[in-house]
Colleague: 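Pasting a structure here, questions to come.
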2 protein chains.
Amino acid sequence: MARTTPQTHGEILVAAARRFGVTGYRGTSLQDIANEVGCSKAAVLYHFANKEAILTELMAPAIEVLRSLDERIAAQPDPTSAQRVAAEGFVALAVRFRGEIALLRGEFPELLQQPGFAHIQQISERLLDALAARSERASARIAAFVLLAGIAETCGEFADVSDDELGEALLTLLRRALEPAG
Amino acid sequence: MARTTPQTHGEILVAAARRFGVTGYRGTSLQDIANEVGCSKAAVLYHFANKEAILTELMAPAIEVLRSLDERIAAQPDPTSAQRVAAEGFVALAVRFRGEIALLRGEFPELLQQPGFAHIQQISERLLDALAARSERASARIAAFVLLAGIAETCGEFADVSDDELGEALLTLLRRALEPAG
DNA sequence: TCAGAGCCTGACCGATCGGTCAGATCAGTG
DNA sequence: CACTGATCTGACCGATCGGTCAGGCTCTGA
């Protein structure tokens, strides 16, 4: 079973992504991943410090883009432009990383409380604030929350829809559904 | 520790609801529930056949309302009225049972695949179809999915908002965001 | 030829899970 | 009194979890 080329690290990532997407992070054991790769569980833990490290590395690119979106939003001079940037940026991110987001399968709440993902929570709150056009009105914040959570939950489904079409549909929805500033 | 009155059944339900709401269904062990009640784990399993039975009994009222909503939608003569009934009914259900829905904490996908909840999956699909005004267009179905999943995820948050205000906000959002029939 | 680095394995660990079981306790009944 | 059925307990079960560890294999460079 010894592998001739040391590409196992990448194989583990691919296998983990596939399994997480099917049975969720919690519902996937290290043994499941090892079986999918065709190696031992110990081999998985040779390449990654622990289970969370797999998820972290898997999500790293998406998180980096989210972080930069957060900065771009913060740099906007007024609520209206911040809302626009947030909407367009979030849709682009959701579509581009829909595979990665899908494999979290509604485990956001718990995963966000893990030590490595604490700052994501804060970014999400700022994103919500921007989508609500910085409004304090409950209706605006509720709408923003529904759309934020809904899009995150949605983009993993509809795998048969192209990136362009999905992005267009989500953006149209956001523009129609978000309450304008003021 | 023997209890004088046999009200433990109800106490277990209350304790389970509280724990599920905090740590989720999977994240809550029978021992956690027993600790909260102040009885043994075996006592919990004396009153309920297994862990899933607790969740089933907890969700029974909400599921019954969902089932009757499903029938009312099916009885509508055209897509437009079906969409209206689905939107109003779902919002009313989500607000009324927001506590129960909240304790599922994004575990819908996995829980729906448990044997006792198989039919909920089908009802959800018909609800989606109605919200999309029976349209086959991807944009309509995507919007419906975002709103359905988003509302389910949302109604547990905003505990400080009254039922009326929450329902009003969600309904307004749905009316603005859903694509009309045709 | 051999030391060492990188890669990987099987065996094992403690913890926790859902669930079972034999038996103790107690209230009610005849 | 004896008996019964409902309630509950502590001890236990097999399975599974994430993670550790000592050692073996293969390749490389001195």
Side-chain angles (χ1 to χ4, degrees), chain A residues 1-59 103-105 107 110-111 113-117, chain B residues 1-59 103-105 107 110-111 113-117:
Chain A
M1 193 62 75
R3 316 199 60 82
T4 53
T5 53
Q7 59 195 10
T8 315
H9 188 96
E11 287 182 27
I12 291 171
L13 277 181
V14 172
R18 196 158 38 215
R19 296 301 310 167
F20 288 166
V22 176
T23 49
Y25 175 72
R26 278 205 169 165
T28 300
S29 69
L30 292 172
Q31 189 62 62
D32 289 335
I33 298 170
N35 290 344
E36 186 115 351
V37 175
C39 68
S40 69
K41 187 180 66 170
V44 173
L45 286 165
Y46 168 77
H47 287 280
F48 295 88
N50 48 44
K51 190 183 176 185
E52 190 189 333
I54 304 176
L55 184 64
T56 303
E57 187 163 328
L58 224 36
M59 302 300 288
L103 56 83
L104 294 183
R105 278 258 178 199
E107 294 183 279
E110 303 145 47
L111 289 176
Q113 290 174 0
Q114 292 213 16
F117 294 90
Chain B
M1 193 61 73
R3 318 198 60 81
T4 54
T5 52
Q7 60 194 11
T8 316
H9 188 95
E11 286 181 28
I12 291 172
L13 276 182
V14 172
R18 196 159 37 216
R19 296 301 311 167
F20 288 166
V22 175
T23 48
Y25 175 73
R26 278 208 168 164
T28 300
S29 68
L30 292 172
Q31 190 62 61
D32 289 336
I33 299 170
N35 289 344
E36 186 115 351
V37 175
C39 68
S40 69
K41 188 180 67 170
V44 174
L45 286 165
Y46 168 77
H47 286 282
F48 295 88
N50 49 44
K51 190 183 177 187
E52 189 189 332
I54 304 177
L55 183 65
T56 303
E57 187 162 328
L58 224 36
M59 302 300 288
L103 55 82
L104 294 183
R105 279 258 178 200
E107 295 183 278
E110 303 145 50
L111 290 176
Q113 291 174 359
Q114 291 213 16
F117 295 90

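Proteins get letters first, then strands, A, B, ... in listed order; numbering begins at 1 in each.
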Colleague: D:dG19 base to A:K51 side chain: any donor-acceptor pair below 3.5 Å?
Modeller: no
Colleague: In whole angstrom, give the distance that lies between atom CZ of A:R19 and atom P of D:dC17.
Modeller: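 About 11 Å, once rounded to whole Å.
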Colleague: Taking only the side-chain nitrogens and oxygens of A:T8, find out if one of them lies under 4.0 Å from OP1 or OP2 of C:dC7.
Modeller: no
Colleague: Using heavy-atom distances to pick each residue's nearest nucleotide on DNA chain D, tell me which of A:T28 and B:V44 is more 5'.
Modeller: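 Its nearest nucleotide being more 5', the pick is B:V44.
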Colleague: Please tell me which of the listed nucleotides, D:dG19, C:dG19, D:dC8, lies nearest to the side chain of A:K41?
Modeller: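 From the listed options, D:dG19 comes nearest.
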Colleague: Under the 3.5 angstrom rule, does the side chain of A:K51 hit a backbone N or O of A:Y25 as a donor-acceptor pair?
Modeller: yes
Colleague: Can you tell me if A:S40 touches the phosphate of C:dG10, counting only side-chain N or O atoms and a distance under 4.0 Å to OP1 or OP2?
Modeller: no
Colleague: To the nearest angstrom, how far is A:L30 atom CG from D:dG18 atom P?
Modeller: 4 Å
Colleague: What's B:L45 touching, base or sugar-phosphate or nothing? Going by heavy atoms closer than 4.0 Å.
Modeller: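 Base: the residue B:L45, judged by heavy atoms under 4.0 Å, touches a nucleobase.
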Colleague: Figure out the CZ/P separation between A:F48 and D:dG18, and round it to whole Å.
Modeller: 15 Å
Colleague: Can you measure A:N50 atom CG to D:dC21 atom P for me and round it to whole angstrom units?
Modeller: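 Rounding to the nearest Å, CG of A:N50 and P of D:dC21 are 14 Å apart.
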Colleague: Expressed as a whole number of angstroms, how long is the span from B:I33:CD1 to C:dG18:C1'?
Modeller: 11 Å
Colleague: Expressed as a whole number of angstroms, how long is the span from B:Q31:CD to C:dA15:P?
Modeller: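 So the two atoms are 15 Å apart, to the nearest Å.
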Colleague: Atom CG in B:L13, atom OG1 in B:T8: separation rounded to 0.5 Å?
Modeller: 11.0 Å
Colleague: Looking at A:D32, A:L103, A:N35, which hits side chain to side chain contact (heavy atoms under 4.5 Å, CB included) with A:R19?
Modeller: A:D32
Colleague: For B:Y46 and D:dT7, is the shortest distance between a side-chain N/O and OP1 or OP2 below 4.0 Å?
Modeller: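 Result: yes.
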Colleague: Specify the separation, in whole Å, of atom CD1 of A:I12 and atom P of D:dG19.
Modeller: 14 Å
Colleague: Counting only side-chain N and O atoms of B:H47, is one of them less than 4.0 Å from OP1 or OP2 of D:dC8?
Modeller: yes
Colleague: In Å, rounded to the nearest 0.5 Å, how long is the span from CD1 of A:I33 to OG1 of A:T28?
Modeller: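 Spacing of CD1 (A:I33) from OG1 (A:T28) equals 6.0 Å.
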Colleague: Whole Å only: how far is the CZ atom of B:R26 from the P atom of D:dC17?
Modeller: 11 Å
Colleague: In terms of relative ring orientation, are B:H9 and B:H47 parallel, tilted or perpendicular, with 30° and 60° separating the classes?
Modeller: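 Plane angle over 60°, so perpendicular.
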Colleague: Which one, C:dT9, D:dG10, D:dG18, comes nearest to the side chain of A:A42?
Modeller: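 Ranking C:dT9, D:dG10, D:dG18 by closest atom to the A:A42 side chain puts C:dT9 first.
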